[in-house]
There are 2 protein chains.
Amino acid sequence: MKFTPSEQEELLFLFKTLSNQLGPKFERNTQFSLSRIELLYQLVQSDEMSQSTLQKSVNIDHAAITRHLKQLEADGLVSRRRNPHDNRETIVQITEEGYRQIMNCQKDKLSFANRMFHEINDVELRSLMDMLKRIQENIKDF
Amino acid sequence: MKFTPSEQEELLFLFKTLSNQLGPKFERNTQFSLSRIELLYQLVQSDEMSQSTLQKSVNIDHAAITRHLKQLEADGLVSRRRNPHDNRETIVQITEEGYRQIMNCQKDKLSFANRMFHEINDVELRSLMDMLKRIQENIKDF
DNA sequence: GGTCAATGTTTGACGCCTCAATAATATATA
DNA sequence: TATATATTATTGAGGCGTCAAACATTGACC
C-alpha cells in the first residue's frame with residue numbers, strides 16, 4: 001500500500017517548499033519582492049533596456065513583466081517610453097528614486113542572503129550554483 | 001554606477017527562477033501540480049489524517065490546503081469528514097480513484113525527476129538535499 | 001502600395017501562495 | 001455553569017506566475 005519516495009522526488013518537493021517559503025520571507029526583510037529587486041537590479045546594470053530584453057534576462061513571463069513595470073512606474077521607480085526607432089518596443093529606465101531605493105535595500109538583501117546561506121561555505125555555494133544551473137539546463141525544453 | 005552581485009545574491013535569484021520554471025513544467029508532464037501530488041502522496045502514506053497534520057507535513061498555508069482539498073474532493077480523489085471525537089477537525093482520506101490516479105502518474109513523476117537530475121550523481125544529490133535542508137533551517141524564523 | 005509573417009506589449013482568465021479576519025468547537029478555569 | 005483561551009477550518013483580499021488571445025508596428029515580398 002505504501003511506497004517510499006526516491007531521493008529525487010524528495011528533493012523535488014523540498015525544492016518547491018523551500019522556494020515557497022523564501023519569497024515571502026525575503027519580501028518581509030527587504031520591502032521588495034525578489035522579482036522586483038531583480039528587475040531593478042538589471043536596470044541598474046544596463047541603465048536602459050527594452051521590456052523584451054529585460055524579460056529575457058530575468059526569465060519571467062512577458063505578462064508579469066508588463067504588470068511589474070506598470071506598478072514600478074506608478075511608484076516612480078522606473079520610467080517607460082516608446083522606442084522612437086521601433087514603436088513596438090517600450091524602453092525602461094530606472095529613476096533617481098528607483099536607484100536610491102534599490103541602493104537603500106542593498107544592506108537588507110545582503111544580510112538576508114548571509115543568514116540564508118549561513119554556514120554554507122564557498123565551495124558548497126559554488127557546487128550548489130553549479131547544480132542549479134545544470135538542472136535549469138536539463139529542464140529547459142520540457 | 002554599477003555593482004556586481006555577490007554569489008549569494010546570484011544564487012538567490014537563480015533559485016527563485018528555477019523554481020518558477022519547475023512548477024509549470026512538472027504539471028505539464030504529470031497532470032498534477034507539485035502541491036497536489038505531495039498532498040495525495042502524504043495521504044497514501046498515512047491512509048487518513050486531519051487537515052492540520054497534513055498541513056504541517058507539507059508546509060503550505062492552511063488556506064491553500066483547504067482549497068486544494070475541496071477541489072480534490074470535488075474531483076473524487078479524496079474524501080473528507082468531520083472527526084466525531086473532535087468536531088473541529090476534518091479527516092481526509094484518499095479514495096480508490098485517487099489512489100489509482102496517483103499510482104498512474106508515478107511513472108511520469110519519476111521520469112520527470114530523472115530527466116531533471118540527469119547527470120547529477122548520488123553524492124551530489126545527497127549534498128544538494130543536505131544544503132537545502134540547512135537553508136530551510138536557516139530561514140525558519142525569518 | 002498591399003499583404004503576410006514576425007515581433008513586442010497588453011489584457012483576461014485562472015492557479016497557487018500568503019496573511020488576516022471569522023466561525024465553530026474544545027478545553028481550562030473561576 | 002459561565003467565561004476566556006486555544007485550535008481547526010474557512011473565506012476574502014491581494015501578490016505573483018502562466019498561457020492564450022488581441023493589438024500595434026515593422027519588415028519582407030509580390
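Convention: sequence-line order gives letters A, B, ...; per-chain numbering from 1.
- Counting to the nearest Å, the C1' atom of D:dC16 and the CD atom of A:E27 are 9 Å from each other.
- Backbone-only contact: B:S52 has heavy atoms under 4.0 Å from sugar-phosphate atoms and none from a base.
- Along DNA chain C, the nucleotide closest to A:D61 and the one closest to B:H85 are compared, and the more 5′ of them pairs with A:D61.
- Taking for each of A:K56 and B:A64 the nucleotide of DNA chain C with the nearest heavy atom, the 5'-most of the two is the partner of A:K56.
- At least one side-chain nitrogen or oxygen of B:Q51 sits closer than 4.0 Å to the OP1 or OP2 atom of D:dT10.
- At distances below 3.5 Å, at least one donor-acceptor pair connects side-chain atoms of A:T30 with backbone N or O atoms of A:F32.
- Contact annotation: A:R36 side-chain N/O to D:dG17 OP1/OP2 distance is not under 4.0 Å.
- Per the geometry, CG belonging to A:L34 stands 16 Å off P belonging to D:dG15, to the nearest Å.
- In this structure, B:I60 reaches the sugar-phosphate backbone alone: every heavy-atom distance under 4.0 Å involves primed, P, OP1 or OP2 atoms, never a base.
- For B:T90, no side-chain nitrogen or oxygen approaches OP1 or OP2 of D:dT8 to under 4.0 Å.
- Rounded to whole Å, the distance from CZ on A:R82 to C1' on C:dT9 is 6 Å.
- Across C:dC17, C:dC19, D:dC19, the shortest atom-to-atom separation from the side chain of B:S35 is found for C:dC17.
- We find that B:E27 and B:R36 are not joined by a salt bridge, their nearest charged nitrogen and carboxylate oxygen being 4.0 Å or further apart.
- For B:N87, counting side-chain heavy atoms from C-beta on, the closest listed nucleotide (D:dA9, C:dA26, C:dT9) is C:dA26.
- OP1 and OP2 of C:dC16 both lie 4.0 Å or more from every side-chain N or O belonging to A:K16.
- Taking atom CG of B:L18 as the reference point, atom P of D:dT18 lies 13 Å away to the nearest angstrom.
- Using the six-membered ring where Trp is involved, A:F142 and B:F112 have ring planes that are perpendicular, over 60° apart on the 30 and 60° scheme.
- Under a 3.5 Å cut-off, the side chain of B:E9 and the backbone N or O of B:S6 do form a donor-acceptor pair.
- When each of B:E89 and A:I65 is assigned the nucleotide of DNA chain D bearing its nearest heavy atom, the one mapping closer to the 5' terminus is B:E89.
- The CZ-C1' distance, from A:R81 to D:dT25, rounds to 18 Å in whole Å.
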Walk me through it: do B:R134 and B:E137 pass the test salt bridge (charged side-chain N to carboxylate O under 4.0 Å, His left out)?
-> CA-CA 5 Å; B:R134 278 150 70 198; B:E137 195 57 36; over 6 Å; no
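- At least one side-chain nitrogen or oxygen of A:S33 sits closer than 4.0 Å to the OP1 or OP2 atom of D:dC16.
- Residues A:R82 and A:R88 share a closest heavy-atom pair of NH2-O, 2.9 Å.
- Among the atoms of the strands shown, base atoms are found under 4.0 Å from some heavy atom of B:T66.
- The CG atom of A:N59 sits 12 Å away from the P atom of D:dC19 (whole-angstrom rounding).
- In this structure, A:H68 atom NE2 and C:dT9 atom P are separated by 16 Å, rounded to whole Å.
- Side-chain N/O atoms of B:R28 include one lying less than 4.0 angstrom from OP1 or OP2 on D:dC19.
- Atom CG of A:D86 is separated from atom P of C:dA6 by 17 Å (rounded to the nearest Å).
- Between A:K70 and C:dT9 there is no side-chain polar atom (N or O) within less than 4.0 angstrom of OP1 or OP2.
- One finds no side-chain N or O of A:H62 lying less than 4.0 angstrom from the OP1 or OP2 phosphate oxygen of D:dA20.
- If you check D:dA13, D:dT25, D:dA6 against the side chain of B:R67, the one that comes closest is D:dA13.
- Picking from C:dC19, D:dG17, D:dT8 the nucleotide with the shortest atom distance to the side chain of B:R88 gives D:dT8.
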